[in-house]
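The structure appears right after this line, and notes come after that.
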Amino acid sequence: MSRFVEAAALARLIETGIIRESKRNLPIIRRFETAQWLERSTRKAEWRVREGCGGRLEQRLYELVPSWKEDWAFLRALDLNPCNPDDIRSLPVLKQKRSVPGVVNRRNWKAATGVGPKHTAKLQSEAVTTADWTLRMRPNRGLCCRADDREIDLYRDSLIYTECIIAERMWHTLEAFTGTLPDVLVSCENLGAYIDLPIPPTTAAVYSPGTDTVAVIELLRAMPGVPWVHFGDLDPAGFRIAGTIAAAVQRDPNIYIPSFAADYLPGVSFKEGWDDVGEPHSPVVAELVRTRRRIFQEVFMLDSRLAADLEEFLE
């Protein structure tokens with residue numbers, strides 16, 4: 001990267017005559033000072049080109065990037081900046097104008113091209129890069145979707161497969177959810193709880209694996225009018241996950257805490273504090289905050305009261 005940093009520094013000096021110190025370019029500035037190409041300006045941490053040294057800077061840039069004049073014009077035509085080392089580093093791939101039709105995993109794309117999302121957009125506009133997340137959902141009765149001009153009965157499929165799984169690549173072809181939308185959508189933090197959660201037939205459950213909230217957020221954005229409830233561990237991480245989802249979809253977090261949760265106190269001791277989750281949501285959470293403990297949601301799953309309690313909460 002040092003070659004690209006030096007080329008970017010030279011580009012800035014040739015173009016503007018000044019450069020500011022940074023952790024990345026300071027060693028280069030020191031070299032140029034030793035060569036007596038630069039001197040301090042009147043501003044703090046700023047350097048300027050010594051009189052008569054512009055030609056030496058250009059000569060050095062020709063050594064690093066022989067075609068720099070044409071390359072800089074090429075970068076600017078793509079709205080990129082030759083004073084940015086990353087943009088200079090992307091030049092070989094950008095010049096090839098490598099094009100991959102259809103859909104490609106973004107890690108594969110980056111490994112093959114050596115450039116990130118910003119430069120991907122410059123290389124091509126037709127291909128779609130994906131992270132290849134999957135949405136795992138237990139749909140409510142009557143929920144369908146339309147994708148690739150096909151009508152898919154999600155609920156019927158879930159009766160066969162326990163749940164329905166929508167890969168990101170299919171998600172990009174999804175036109176709309178049809179049939180009967182859920183009365184409530186419940187996001188569930190842990191896999192076992194998601195699978196065994198006793199939801200009513202009019203409710204849909206979606207797996208929200210810890211901090212991996214991308215799929216849940218996409219689903220909530222696709223169902224803006226459907227109420228949402230989050231059910232997770234009663235600990236700071238669980239509340240933060242609910243807050244992350246809520247912020248992304250611009251909703252208030254609505255967290256399900258079983259009414260009988262106090263029966264599972266004192267909970268499990270742990271070191272992490274509750275300082276960053278705001279005011280306690282219930283007396284149970286207040287006690288967990290006071291004693292620095294938590295309750296994992298799985299302990300509720302075999303409680304015979306859960307189904308009726310959840311249904312009452314959802315109503």
* Does the pair R169 and D132 meet the rule for a salt bridge (Lys or Arg N to Asp or Glu O under 4.0 Å), with working shown? -> CA-CA 7 Å; R169 299 194 184 202; D132 287 311; 2.8 Å; yes
Got a sec, which residues hit side-chain contact (heavy atoms from CB on, under 4.5 Å) with [X], two or more places apart in sequence or on another chain?
X	answer
D252	none
R76	E15, W72, P82
R156	D153
A262	L265, V284

* Could you tell me whether the side chain of F300 reaches within less than 4.5 Å of the side chain of L234, counting heavy atoms only? => yes
* Structure fact -> To the nearest 0.5 Å, atom CG of L154 lies from atom CZ of R138 at 14.5 Å
* Asked: Which side chain to side chain donor-acceptor pair (under 3.5 Å) pairs, counting each pair once, include a residue from residues 198-208, with sequence neighbours left out?
  -> D183-T202
* Using the six-membered ring of F260, assess whether NZ or CZ of R305 lies under 6.0 Å from its centre and within 45 degrees of the ring axis. => yes
* Greater than 12 external heavy atoms within 6.0 Å of R56's CZ -> no
* Partners passing salt bridge (charged side-chain N to carboxylate O under 4.0 Å, His left out) against E311 (at least two apart in sequence or in another chain) -> none
* **Check against salt bridge (Lys or Arg N to Asp or Glu O under 4.0 Å), R60 and E6** => CA-CA 10 Å; R60 174 56 182 162; E6 183 176 355; 2.7 Å; yes
* On the 0 to 90° scale, with breaks at 30° and 60°, tag the F270-W274 ring pair as parallel, tilted or perpendicular. => perpendicular
* Asked: What closest approach, in Å, do L220 and I245 show between heavy atoms, and which atom pair accounts for it?
  -> CD1-CG2, 3.5 Å
* **NZ/NE/NH1/NH2 to OD/OE distance under 4.0 Å, R293 and E287** => no
